[in-house]
Amino acid sequence: MKPLARVAGEQIMWMKIIGGVLLSVVLGVHAQAPADAVSHGGANELLVPQGVIAGGFSAPASPVHGQTPLGPYIKLVRPSAVAANGPDLYVADSAQRLLLRVDTVTQAVTPLGDISPLPGTRLKAGPDGSVYVLRPDRGEITRLTRDGRRIAGFRAKYDVLQPADVVIEPTLNRVWISDAAGGVFAFHPSGRMSEPLIGRGDGFAGEFPGATLLAASRERVTGIDPRCRCIIDFDHEGGIIAQYGENTLTSPSDLAIDAHGRTWVVDRGDNRLKVFAGGQLLASIEPRRLGLIEITAISIDVDRAYISDGPAGRIGVFAVIPPQRRMP
């Protein structure tokens, strides 16, 4: 008869062997994921985590950068919209009904004014450091300085029936405003409407392609057509140059264009971040792969992406990887 100690030792040894085999099987299952899983991943090939913004000590409103944060701490509660430009990150916190500016260098947070808690608040940063705020409760868009002073208002009562989004077309510096019907209109930065770009002049897009959500780069303006739930690329004059993404989007809620021409779409329907390149779906990223719970908004400034996680009260900061430098 074997001594009890020897028997116990052999049992432990066999348990380790069996455990190792099971672990190898589990790892093998993950390593041999289905081929279609590639289209639902891609986070590590496109984004590198750089930090998280959950709040910061407050600083007074100022037209210059670098104010020292000496005030009380302001915590983000539900960031619902973001817009980045250089060191400035504008945030709409729908739970606190506040428009905030985060200085990403000093980590200072500055309240700029109140916003509506209603869904549909949109933010876009202008190249001069100003911010455009779409307020669904007022049916207008306001342009503010970085310290919250009003510069201009954008409203066309009989043309833009219900503003849906705003973007600044950088080549001609015109302000493009879309409405809920898909019509898109060009405005002068002073607030004066210049012309309808897409759809009829009565604010309804009719049988023509239109757009609600908007994003812009130097090469094009991109929008989401609500009827086909697809992506439309426009030239600087409003002409259609591409249409793609049909049958891949469920309920798009935000979009951005990176410096490499890729289109990033927040799809609220399946809670994924979808990336398109050359008219094809490049990746469909789950929030957990980015360390987030829910993706509520995105803004890309040059090579940095800011992705808000409304339920968690935070904004993830990521470096955008150029196509030629993707990780294996």
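Keep in mind it's a predicted model, so treat the numbers as computed, not measured. All heavy atoms count here, side chains included; hydrogens, waters and symmetry mates do not.
- For the residue pair V221 and V167, the shortest heavy atom distance occurs at CG1-CG1, 4.3 Å.
- Between the side chain of H236 and the backbone N or O of R218 there is at least one donor-acceptor pair closer than 3.5 Å.
- A side-chain donor-acceptor contact under 3.5 Å links Q96 to the backbone of K75.
- Annotation: side chain of I231 is in contact with side chain of T222 (closest heavy-atom distance under 4.5 Å).
- Residues D267 and R272 are not paired through a salt bridge, judged by the lack of any N-O separation under 4.0 Å between the basic side chain and the carboxylate.
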Tabulate below the donor-acceptor pairs under 3.5 Å that side-chain atoms of residues 293-303 make, not counting sequence neighbours, or state none.
| residue | atom | partner | partner atom | Å |
| --- | --- | --- | --- | --- |
| T296 | OG1 | P79 | O | 3.3 |
| T296 | OG1 | S308 | O | 3.0 |
| T296 | OG1 | S308 | OG | 2.6 |
| T296 | OG1 | G310 | N | 3.3 |
| S299 | OG | A84 | N | 2.9 |
| D301 | OD2 | G86 | N | 2.9 |

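- The disulfide (SG to SG under 2.5 Å) analysis of residues 63-154, with sequence neighbours excluded, yields no pairs.
- The two residues G245 and C230 have their closest heavy-atom pair at C-CB, 4.2 Å.
- Checked by atom type and distance alone, the side chain of S178 never pairs as donor or acceptor with a backbone atom of V184 at under 3.5 Å.
- Ring geometry for F154 versus F187: interplanar angle over 60°, hence perpendicular rather than tilted (30 to 60°).
- Ion pairing between a basic and an acidic side chain is recognised when a charged N comes within 4.0 Å of a carboxylate O; R143 and D128 show such pairing.
- No side-chain heavy atom of L98 sits less than 4.5 Å from a side-chain heavy atom of V77.
- In terms of heavy atoms, L134 sits closest to G120 at CD2-O, 3.6 Å.
- Using a 4.5 Å heavy-atom cutoff, the side chains of P311 and R78 are in contact.
- Here I240 contributes atom CD1 and D233 contributes atom CG; the two are 10.0 Å apart, rounded to the nearest 0.5 Å.
- Looking at every heavy atom in both residues, L213 comes nearest to P252 through CD1-O, 3.6 Å.
- For the pair W264/I257, no side-chain contact is recorded, criterion being any heavy-atom separation below 4.5 Å from C-beta on.
- With salt bridges taken as basic N to acidic carboxylate O contacts below 4.0 Å, none links D254 and R268.
- Between L47 and V320, some side-chain heavy-atom pair lies under the 4.5 Å cut-off.
- In terms of modelled atom types and a separation under 3.5 Å, the side chain of D225 and the main chain of A211 share no donor-acceptor contact.
- A salt bridge links D114 with R135: the closest approach of a Lys/Arg side-chain nitrogen to an acidic carboxylate oxygen falls below 4.0 angstrom.
- The shortest non-hydrogen separation linking L118 to T121 is O-OG1, 3.6 Å.
- In this structure, the separation between CZ on R288 and CG on N271 is 11.5 Å, given to the nearest 0.5 Å.
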Just distance, no hydrogens or angles: give the donor-acceptor pairs under 3.5 Å from side chains in residues 59-74, sequence neighbours left out.
| residue | atom | partner | partner atom | Å |
| --- | --- | --- | --- | --- |
| S62 | OG | V64 | N | 3.2 |
| H65 | ND1 | R146 | NH2 | 3.1 |

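- Counting only N and O atoms by type, the side chains of R220 and T263 include a donor and acceptor under 3.5 Å apart.
- Here the closest heavy-atom approach between residue L214 and residue I177 is recorded as CD1-C, 4.4 Å.
- Within the 4.5 Å cutoff, side-chain heavy atoms of L282 are placed close to those of L46.
- Distance alone, capped at 3.5 Å, places no donor-acceptor pair between the H260 side chain and the R262 backbone.
- One finds the CD atom of E237 at 8.0 Å from the CD atom of E169 (value rounded to the nearest 0.5 Å).
- N173 places a side-chain heavy atom less than 4.5 Å from the side chain of I168.
- Counting heavy atoms from C-beta outward, K124 and D165 have side chains that approach closer than 4.5 Å.
- Of the options L112, N85, L100, a side-chain contact (heavy atoms from CB on, under 4.5 Å) to Y90 is made by L112 and by none of the others.
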